[in-house]
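Worksheet: the structure to be examined is printed underneath.
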Amino acid sequence: MLVKFLALIVRIILKIRYKISFSGLELIKDQKHALFLPNHPAEIDPIILVAHFLKFTRIRPIVVERFFETPPGRFVLNLINAFAIPDMAFDGGFYKRKRTENTIKAINDAIKKGDNLIIYPSGQITNGGLEKIGGNSGVHSILQGAHNAEVFLIKTTGLRGSSFSKAFTGVTPPFFPALLNGIKIAFKNLIFFTPKRNVSIQIVKAPASFPKNGDPLSINHWLEDWYNKDGEEEITLVPYYFWKKE
């Protein structure tokens, strides 16, 4: 009940800045054994997805463990029973590989028991208007151990150009400073007059052509083609204030 209440509060707060439209949201209702694979245009899209998914079903995000380092992040992620996975980008030593293997096994067991998981195949925010997954093997490792997983694809558009994206700096913005800046902007707009960013989210069940039993590169190339089928996403600019176009 606490999780559902907090998710409701988050959805209300998100409405201040975002006008979110979903296609296929009905697919997740009462879903079990599901693996959701979204693209990752900005830091805010995981919060949007999880807050809305929790309205219909239980969802467990798979999150890089550095997000557990701050007390607020650790509290929220533990509350929703998220999985912490080591970040292999900086150090791929034996200890980290072993912890990653143990986490993947726990994830597979959770899916087999009926849990729904969400993992970002790219493992990072999109740098540019195209999703790039490269040689990441997380999705492949999960599918190898959870053959009963129902795979769903998610594509979010409209967030490129957001202060939570890499659109202008090329680097991942610090989440909490960006969040605090957003709160200041909302209050300056008297909350109700805050200009809204249009965000569109498409959810589909993976088609038969998805190489569920393929090797990592086959899976990643297929996903990249699906996320990028409409070409490079344009940068969308939304004013910070209702009285001027800054």
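Along the sequence shown, the residues carry numbers beginning at 1.
- Both Ile20 and Leu6 are part of a single hydrophobic cluster, where members link through side-chain heavy atoms under 4.5 Å apart.
- Ring-plane geometry between Phe164 and Phe175 is classed as tilted, the angle between the planes lying from 30 to 60 degrees on a 0 to 90 degree scale.
- Glu131 and Lys155 are not joined by a salt bridge, as no carboxylate oxygen comes within less than 4.0 angstrom of a charged side-chain nitrogen.
- Across all non-hydrogen atoms, the minimal contact from Lys132 to Ser122 is O-CB, 3.5 Å.
- With respect to Asp109 and Lys105, a salt bridge is recorded, a charged nitrogen being found less than 4.0 Å from a carboxylate O.
- Between Arg160 and Glu232, at least one side-chain N (NZ, or NE/NH1/NH2) sits under 4.0 Å from a carboxylate O, which counts as a salt bridge.
- Within the 3.5 Å criterion, the main-chain N or O of Lys196 finds no donor-acceptor partner in the side chain of Arg17.
- Side chain to side chain, Thr57 and Gln31 fail the donor-acceptor criterion of an N or O pair below 3.5 Å.
- Taking hydrophobic clusters as Ile, Leu, Val, Met, Phe, Trp and Tyr residues chained together by side-chain heavy-atom distances below 4.5 Å, Ile104 shares a cluster with Leu37.
- Under the 3.5 Å distance criterion, the side-chain polar atoms of Asn136 are matched with a main-chain donor or acceptor of Pro121.
- In Lys229, the NZ atom is crowded: over 12 heavy atoms of neighbouring residues, nucleotides or ligands sit closer than 6.0 Å.
- Looking only at atom types and distance, the side chain of His33 has no donor-acceptor partner in the side chain of Asn116 under 3.5 Å away.
- Between Ala42 and Leu159, the shortest heavy-atom contact is CB-CB, 4.0 Å.
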- [ ] Please test Tyr120 against Asp45 for side chain to side chain donor-acceptor pair (under 3.5 Å), starting from the C-alpha separation and ending with a verdict.
- [x] CA-CA 11 Å; Tyr120 285 81; Asp45 59 269; 2.9 Å; yes
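- Considering every non-hydrogen atom in both Leu143 and Ala149, the closest pair reads CD2-CB, 4.5 Å.
- Cluster annotation: Ile107 and Leu223 are assigned to the same hydrophobic cluster (Ile/Leu/Val/Met/Phe/Trp/Tyr, side-chain heavy-atom contacts under 4.5 Å, transitive).
- Listed for the Asn189 side chain is a donor-acceptor partner under 3.5 Å among the backbone atoms of Tyr240.
- Transitive grouping of hydrophobic side chains (ILVMFWY, heavy atoms separated by less than 4.5 Å) keeps Val3 and Ile62 in distinct clusters.
- No side-chain heavy atom of Ser165 sits under 4.5 Å from any side-chain heavy atom of Pro41.
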Task: side chain to side chain contact (heavy atoms under 4.5 Å, CB included) between Phe210 and Ser218, intermediate numbers included - done: CA-CA 9 Å; Phe210 176 68; Ser218 297; over 6 Å; no
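- Ile47 and Leu8 are members of different hydrophobic clusters when ILVMFWY side chains are connected at heavy-atom separations under 4.5 Å.
- No donor-acceptor distance shorter than 3.5 angstrom exists from the side chain of Thr126 to the backbone of Gly128, with no hydrogens or angles considered.
- Taking the six-membered ring where tryptophan is involved, the planes of Phe53 and Phe36 are perpendicular, since the angle between them exceeds 60° and thus also 30°.
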